[in-house]
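What follows is a short report on a single structure.
The first residue of the sequence shown is numbered 1, and numbering continues consecutively from there.
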Amino acid sequence: MLSTATYRFSSYPSSPPLNQIRRFSSAASVEYPPIHHHPQWSGLDRWRRSPLNRDRCWGPNGPIEEKPCEIELRPTTSPPSFSSCSSLAEMGGVVLSSADPLTKAKLTHFAYTKWRLGDLPVGFSHPPSRPARPPKPQLVSPKEIPPPKSSGLPLNAYMLHNLAHVELNAIDLAWDTIVRFSPFIDLLGEGFFADFAHVADDESRHFTWCTQRLAELGFSYGDMAAHSFLWRECEKSSDDVAARLAVIPLVQEARGLDAGPRLVNKLMGFGDHRTSNIVAKIADEEVAHVAVGVYWFVSVCQKMGRAPASTFTEILQEYNVEVKGPFNHSARQEAGIPKEWYDPLSTTKEENKLSKTCLHYFDGTGKLKFGKVD
């Protein structure tokens with residue numbers, strides 16, 4: 001009788017395997033297993049192979065490189081907070097523990113730059129229970145967020161502040177995914193971590209654009225209350241990588257695809273074309289992040305031997321996650337989310353409610369197996 005080693009995504013070995021310590025990366029060397037019978041975003045490979053994006057300021061006509069007068073973290077000199085870090089996961093833990101938002105964004109760009117230059121292994125680390133946050137903004141429930149008229153901010157700054165908060169949370173969500181599931185590199189593959197480090201870098205650039213524009217309008221991040229909803233959703237999926245992919249990229253980030261065009265139109269109507277251009281660029285780049293979630297969700301489902309559509313539906317039921325319209329069907333389809341995944345009129349159940357899963361590896365056949373957690 002063959003024995004199997006059981007892994008839960010919430011459990012951590014006492015020390016990382018040697019191959020995690022020795023494995024180094026470069027963008028050209030990362031391999032991505034094919035996924036079968038599912039449409040993918042046509043630009044996914046191009047996004048993965050794209051050069052480092054240093055356009056972290058918003059110029060008169062769009063994104064530009066960071067201004068020379070600003071302090072930029074270059075990979076030649078590690079910031080003090082990274083002095084003891086020797087892996088991507090360890091740097092991710094430092095980013096999550098950094099309270100200052102702009103420092104968090106800069107550290108993210110530094111860590112991803114080191115990764116792309118091939119100077120880091122994925123490594124192993126423990127995530128903090130919650131990411132560090134500055135004293136402001138005050139975090140409240142979504143129902144307690146003040147309406148625009150009583151927020152003390154004009155409509156364009158109000159909408160931009162909300163977007164900045166989403167982008168800051170997105171930085172932490174990507175790093176938490178990297179750090180939390182770093183013990184499972186041999187099961188997920190190095191490409192999983194490469195993709196989410198890239199997502200984190202994109203989100204840090206988006207946050208920087210938002211804060212720059214807020215400053216131009218005479219405001220700053222923290223000038224109004226913000227909600228803690230996104231992190232609560234993240235905590236729901238802390239022990240299950242399939243659930244993390246379903247709840248965050250395929251639900252929360254997909255909502256950005258729905259809301260982006262409406263936000264752009266509102267800003268245009270307000271007369272703020274500069275902010276609307278920033279938001280339009282961010283919304284366009286979010287397609288890649290949803291596509292990454294789709295790719296890895298389908299990949300995990302294939303390893304589980306599960307149908308992605310029914311698995312997605314059952315995860316949302318199990319974790320009590322609601323998908324609300326109106327939907328931007330064309331953007332969702334471009335990112336690889338079929339309509340039947342989120343439209344209740346198109347969704348059909350194929351299997352019973354999804355139980356929490358764990359990996360059973362290895363059973364002597366070289367195949368991954370999944371089963372119920374006792």
Side-chain angles (χ1 to χ4, degrees), residues 9 32 35-44 47 166-167 169-170 172-174 176-178 180-181 188 191-192 195-196 198-200 202-203 229-260 282-304 306-351 353-354 356-357:
F9 283 118
Y32 295 90
I35 60 173
H36 306 289
H37 312 298
H38 190 90
Q40 297 180 58
W41 176 48
S42 61
L44 185 56
W47 175 81
V166 169
E167 298 299 330
N169 275 273
D172 284 328
L173 290 168
D176 184 83
T177 299
I178 291 168
R180 186 171 300 279
F181 300 112
L188 293 168
F192 178 91
D195 276 357
F196 280 97
H198 194 163
V199 169
D202 284 354
E203 304 292 17
F229 174 77
L230 289 173
W231 196 256
R232 291 205 311 271
E233 294 296 288
C234 177
E235 290 176 328
K236 289 181 179 180
S237 56
S238 62
D239 65 345
D240 189 330
V241 71
R244 168 62 58 89
L245 295 167
V247 172
I248 302 303
L250 303 189
V251 175
Q252 301 304 333
E253 292 207 65
R255 284 174 177 165
L257 303 183
D258 304 329
I282 290 173
D284 182 62
E285 293 189 1
E286 292 296 338
V287 172
H289 304 168
V290 178
V292 163
V294 171
Y295 173 90
W296 289 108
F297 180 77
V298 173
S299 177
V300 168
C301 285
Q302 288 181 351
K303 292 176 181 178
M304 294 166 64
R306 300 294 301 270
S310 58
T311 302
F312 178 71
T313 301
E314 292 160 0
I315 285 175
L316 299 196
Q317 291 174 345
E318 180 174 344
Y319 288 87
N320 193 29
V321 176
E322 187 176 2
V323 180
K324 298 179 180 179
F327 301 114
N328 184 343
H329 295 294
S330 61
R332 285 170 172 260
Q333 183 177 8
E334 181 185 9
I337 307 180
K339 189 175 181 180
E340 61 267 21
W341 283 26
Y342 60 88
D343 189 332
L345 298 178
S346 303
T347 302
T348 57
K349 285 190 175 181
E350 298 177 10
E351 301 171 3
K353 185 177 180 181
L354 179 67
K356 287 189 181 293
T357 59

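Put simply, the side chain of L188 reaches to within 4.5 Å of the side chain of V300, judged on heavy atoms. Counting heavy atoms from C-beta outward, F312 and V298 have side chains that stay 4.5 Å or more apart. By the 4.5 Å heavy-atom criterion applied to side chains, E167 and E286 are counted as neighbours. Side-chain contact between I337 and V290: present, with at least one pair of heavy atoms (C-beta onward) separated by less than 4.5 Å.
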Give the intermediate values and the outcome of side chain to side chain contact (heavy atoms under 4.5 Å, CB included) for residues Y319 and D240.
-> CA-CA 11 Å; Y319 288 87; D240 189 330; 3.7 Å; yes
Report the C-alpha distance between L245 and F192 in whole Å, list the side-chain angles of each, state the deciding distance to 0.1 Å, and finish with yes or no for side chain to side chain contact (heavy atoms under 4.5 Å, CB included).
-> CA-CA 11 Å; L245 295 167; F192 178 91; 4.2 Å; yes
Do Y295 and D195 pass the side-chain hydrogen bond (donor to acceptor under 3.5 Å, both in side chains) test, and can you show the C-alpha distance, the side-chain angles, and the key distance before you say yes or no?
-> CA-CA 10 Å; Y295 173 90; D195 276 357; over 6 Å; no
Give the intermediate values and the outcome of side chain to side chain contact (heavy atoms under 4.5 Å, CB included) for residues I315 and F297.
-> CA-CA 12 Å; I315 285 175; F297 180 77; 3.8 Å; yes
Verdict with supporting geometry, F196 and F181, side chain to side chain contact (heavy atoms under 4.5 Å, CB included) = CA-CA 11 Å; F196 280 97; F181 300 112; over 6 Å; no
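Residues H38 and Q302 bring no donor and acceptor atom of their side chains to less than 3.5 Å of each other.
For the pair S238 and R180, the tightest heavy-atom approach, listed with the atom from each and the gap, is O-CD, 3.0 Å.
Here the NE2 atom belonging to H198 is positioned 10.5 Å from the CD atom belonging to E203, to the nearest 0.5 angstrom.
Open room surrounds CD on Q333; 12 or fewer heavy atoms of other groups in view lie less than 6.0 Å from it.
In summary, D258 and K324 do not engage in a salt bridge, as defined by a charged side-chain N under 4.0 Å from a carboxylate O.
In this pair, W296 and Y32 present their aromatic rings tilted. The plane angle is within the 30 to 60° band.
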